[in-house]
Amino acid sequence: MRLFLKIITESIRQAWQQLAGNKLRTFLSLLGISIGILCIVGVLSAVSSLQRNVEGSLSKLGDDVVYVDKWPWRDVSDSWWDYFQRPHPDFADYEAVKERVQTAAITSFWTVPGSRTLEYESNNVQGAILLVSTPELDRIFNIEIGRGRFWSPAEYYSGADKLLLGYKVATELFGSINPVGKEIKMQGRRFEVIGVLAASGDELINPLDFDDVVIAGYNNASRYVNLRTSDRWSGTLAVKAKSGVSLEQLQDDIRGTIRRERRLRPREDDNFSMNQLSMVADQLEGFFGALRGVGFIIGFLSILVGGVSVANIMFVSVKERTSLIGVKKALGAKKYVILIEFLIESIILCLIGGLIGLFLVFVITSGISQVIPFDITLDFFNAMVGIVLSALIGIVSGMVPALLAARLDPVEAMRS
């Protein structure tokens, strides 16, 4: 153990001498290592941060929820016209599924019949997105209410003129005034604001951006909007599975119910699509994998150049210390001692280059995080990837010079 510590100490000293004695040569050689680690770890950090943000956004959709829609969540360019001719899910589908599907815990339906202008005293907001929903929407998406509340069952089923506002709509319309309890105008009708949604925040993907919406109950909106026209307004049906029920079983029950509701013959294809979160996740995983691959290719090329440069440094180091190696071997130093000494020196040089690369990753990601809507962070796992890669490059780059040094004949080495 004492011998091993002595070898490490001597290797660190010699590595430092290489850095101090040949600054420009060492800097240029380690630059390839630093750039390679920067590319690989930088891409890994960016992809990991991007993936966390996207997965956090998609988690609002729920991994135990089936979404019945006109369109599937995949590429439909090969049969676009067939999907285009399908009807949108409508309120009748919602009622059928809610009443008949026993494996469903929550069933919700919403539709978006365009945008509206909202008025409060002398202020107005144009282009607020009217989201017409059944009362289960907040439980499907775990909607957080910033102020006020959601509809009570009595308010929803009686069709009371009560609305909820998205955070941005409420801020633009009321400023610093608390909107809860205030009356606004929409389409010439007066509505009471009973709640304001919490801000959605800066997320890369918002499944439904609630900041710009005004939410009305279906029973209320049906009085002033023709919601039964399914070909005109897009609608989505979301069904959450009961505890212990698989999505496959839930999908089978939904499929049978909607087919009966739409009177489809046994040999007719479904005229609706059932989507779930895993479909999006699978497509995104391929995208993220491609990004990682690009980073590794660029980083590998840089590391290859850096590794050759480090090997060159080690060959020069062996040449400069040939007589010293001969003296050590004449005094009884074993081959493995010389081998380990030069390998550790190579590893230390590469680790220095890797640490420089990690520092650059930290600086660059911190700067980028200030100008984009989500944070890019250098986490512990990716930092360890950079350190391990640097050590491996040191082993590979230093192996041949170290073997050359270990195999030197002591007499010939001292004469050189």
Side-chain angles (χ1 to χ4, degrees), residues 53-54 56-62 65 67 69 94 106 108-153 155-156 159-225 227 233-238 240 372-374:
N53 184 280
V54 170
S57 301
L58 291 177
S59 66
K60 294 181 179 180
L61 293 172
V65 179
Y67 293 86
D69 210 337
Y94 159 76
I106 303 172
S108 179
F109 172 78
W110 65 88
T111 184
V112 183
S115 60
R116 298 293 187 274
T117 298
L118 309 181
E119 299 177 9
Y120 172 71
E121 295 182 348
S122 60
N123 296 334
N124 70 82
V125 171
Q126 297 181 356
I129 299 170
L130 177 60
L131 177 65
V132 177
S133 168
T134 58
E136 305 87 1
L137 184 73
D138 61 327
R139 288 181 287 160
I140 286 287
F141 287 103
N142 298 316
I143 294 175
E144 182 180 350
I145 304 294
R147 288 179 173 179
R149 58 180 175 81
F150 220 66
W151 306 294
S152 68
E155 289 170 338
Y156 173 79
D161 290 331
K162 298 179 185 292
L163 302 175
L164 290 96
L165 303 181
Y167 178 80
K168 189 181 294 185
V169 172
T171 301
E172 292 179 359
L173 191 59
F174 289 93
S176 59
I177 301 173
N178 184 0
V180 177
K182 302 294 190 297
E183 281 194 350
I184 64 173
K185 279 187 178 182
M186 182 177 70
Q187 290 190 213
R189 298 171 63 97
R190 291 186 177 273
F191 297 87
E192 179 187 353
V193 178
I194 60 170
V196 177
L197 309 187
S200 295
D202 292 330
E203 294 182 329
L204 193 64
I205 294 178
N206 266 334
L208 282 176
D209 189 354
F210 291 111
D211 283 347
D212 296 311
V213 302
V214 49
I215 306 179
Y218 189 93
N219 286 5
N220 171 262
S222 60
R223 297 176 176 178
Y224 49 89
V225 180
L227 299 175
W233 314 125
S234 64
T236 302
L237 178 63
K240 185 180 180 69
I372 62 176
F374 68 97

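Sequence positions, counted from 1, serve as the residue numbers for this chain. The model shown is predicted, which means the values in this text are computed figures rather than measured ones.
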For the atom pair CD (Q126) and CZ (R116), what is the distance rounded to the nearest 0.5 Å?
-> 13.5 Å
Quick one: closest heavy-atom pair of N220 and G159, and the distance?
-> ND2-O, 3.1 Å
Looking only at atom types and distance, does a side-chain atom of T134 sit under 3.5 Å from a main-chain N or O of F109, one as donor and one as acceptor?
-> yes
If every non-hydrogen atom of Y94 is compared with every non-hydrogen atom of P135, which pair is closest and at what distance?
-> OH-CD, 4.5 Å
With respect to N123, which candidate in I177, L118, L173 satisfies the side-chain contact (heavy atoms from CB on, under 4.5 Å) definition?
-> L173
Looking only at non-hydrogen atoms, find the nearest pair between M186 and Y224 and report the distance.
-> CE-OH, 3.7 Å
Could you pull out the closest heavy-atom pair between V169 and V125, with the gap in Å?
-> O-CG2, 4.1 Å
Distance from Y218 atom OH to Y156 atom OH, nearest 0.5 Å?
-> 8.0 Å
Rounding to 0.5 Å, atoms CG (L197) and CG (D211) come to a distance of 8.0 Å
Of the non-hydrogen atoms in I140 and S108, which two are nearest, and what is the gap between them?
-> CG1-CB, 3.7 Å
Of the non-hydrogen atoms in A238 and V65, which two are nearest, and what is the gap between them?
-> CB-CG1, 4.1 Å
Starting at CZ of R190, measure out to NZ of K185 and round the result to the nearest 0.5 Å.
-> 4.5 Å
Once the angle between the rings of Y67 and W110 is folded into 0 to 90°, is it parallel (under 30°), tilted (30 to 60°) or perpendicular (over 60°)?
-> perpendicular
State, yes or no, whether a side-chain contact exists between L137 and F210 at a heavy-atom distance under 4.5 Å.
-> yes
Check whether any side-chain heavy atom of V214 lies under 4.5 Å from a side-chain heavy atom of F191, and answer yes or no.
-> no
To the nearest 0.5 angstrom, please state how far the CG atom of L130 sits from the CG atom of L163.
-> 8.0 Å
Separation between CG of L165 and CD1 of I194, rounded to the nearest 0.5 Å | 10.0 Å
Residues pairing under salt bridge (Lys or Arg N to Asp or Glu O under 4.0 Å) where one sits in residues 124-143, two or more places apart or in two chains, turn out to be K98-E136
Mind listing the side-chain donor-acceptor pairs of residues 143-150 below 3.5 Å, one per line with the distance, residues two or more places apart or on another chain?
| residue | atom | partner | partner atom | Å |
| --- | --- | --- | --- | --- |
| R149 | NH1 | E155 | OE1 | 2.8 |
| R149 | NH1 | E155 | OE2 | 3.4 |
| R149 | NH2 | E155 | OE2 | 2.7 |

Heavy-atom donor-acceptor pair, W151 side chain to K162 backbone, under 3.5 Å = yes
